S.K.: 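Have a look at the structure that comes next, please.
All figures in this text were calculated on a predicted structure; none of them were measured in a lab.
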Amino acid sequence: MATLFTKIINGEIPGDIVYQDDYVVAFRDITPVAPTHVLIVPRAEIPGLATLPDEGDHLHILNAAKKIAELEGLTDGYRLVINQGEDAGQTVPHLHAHLIGGRKLSWPPG
Ligand code: 5GP
């Protein structure tokens, strides 16, 4: 059974894709928390950080984040967040990083 994000990657569910390469696909979050809120998703269906393999598509998330931040014009800074598990509020069991920017971000996160 494909995950929600695999369905977006495969075009079965619409997604506002801003970047893709051989390893990851990035699309705008349906409920953005900032002017830029992009989800960077490895093509491989890894449930989350807790089950990360040593090798694979996920190793390209950071490089994709840098490129997308440049494409989005986030010259003043941005944040990359990965929620793992219930306590962090992970809702989609397909590893993804949130690239958030375009406004001042508070710290620590809630
Ligand atoms: P998590 O809470 O698992 O870290 O993040 C899941 C994210 O997926 C949430 O920010 C949520 O708004 C987003 N999301 C849930 N369903 C959809 C959808 O159908 N399309 C898009 N683009 N984002 C979604």
S.K.: For residues 25-50, which residue pairs qualify under ring pair (Phe, Tyr, Trp, His ring centres under 6.0 Å), counting only residues two or more places apart or in two chains?
M.R.: F5-F27, H37-H98
S.K.: Tracing side-chain links under 4.5 Å among I, L, V, M, F, W and Y, which residues wind up in one group with I30?
M.R.: none
S.K.: Please list all pairs passing the salt bridge (charged side-chain N to carboxylate O under 4.0 Å, His left out) test where one or both residues lie in residues 43-59, with sequence neighbours left out.
M.R.: none
S.K.: Report, as yes or no, whether the 6.0 Å neighbourhood of atom CD on E70 holds more than 12 heavy atoms from other residues, nucleotides or ligands.
M.R.: yes
S.K.: Do the non-hydrogen side-chain atoms of L4 and H94 ever get within less than 4.5 Å of each other?
M.R.: no
S.K.: What pair of heavy atoms forms the shortest contact from P93 to T91, and how long is it?
M.R.: CD-O, 3.8 Å
S.K.: Could you list the cluster mates of L95? Members are the ILVMFWY residues connected by side-chain heavy atoms closer than 4.5 Å, either directly or through other members.
M.R.: V18, Y19, Y23, V24, V38, I40, I46, L49, L52, I61, L62, I68, L71, L74, Y78, L80, I82, L99
S.K.: Kindly say whether P47 contributes a backbone atom to a donor-acceptor pair with the side chain of Q90 at under 3.5 angstrom?
M.R.: yes
S.K.: With distance as the sole test, does H60 use its side chain to make a donor-acceptor pair with the main-chain N or O of P42 at under 3.5 Å?
M.R.: no
S.K.: Salt bridge (charged side-chain N to carboxylate O under 4.0 Å, His left out) with D16: which residues, sequence neighbours excluded?
M.R.: R28
S.K.: Would a single hydrophobic cluster contain both I17 and L39, if residues Ile, Leu, Val, Met, Phe, Trp and Tyr are joined by side-chain heavy-atom contacts under 4.5 Å?
M.R.: yes
S.K.: Can you give the donor-acceptor pairs under 3.5 Å from side chains of residues 101-109 to other protein atoms, not counting sequence neighbours?
M.R.:
unit_1 : atom_1 : unit_2 : atom_2 : d
R103   : NE     : V33    : O      : 3.2
R103   : NH2    : V33    : O      : 2.9

S.K.: Kindly compute the distance separating CG (D29) from CD1 (I100), expressed to the nearest 0.5 Å.
M.R.: 8.0 Å
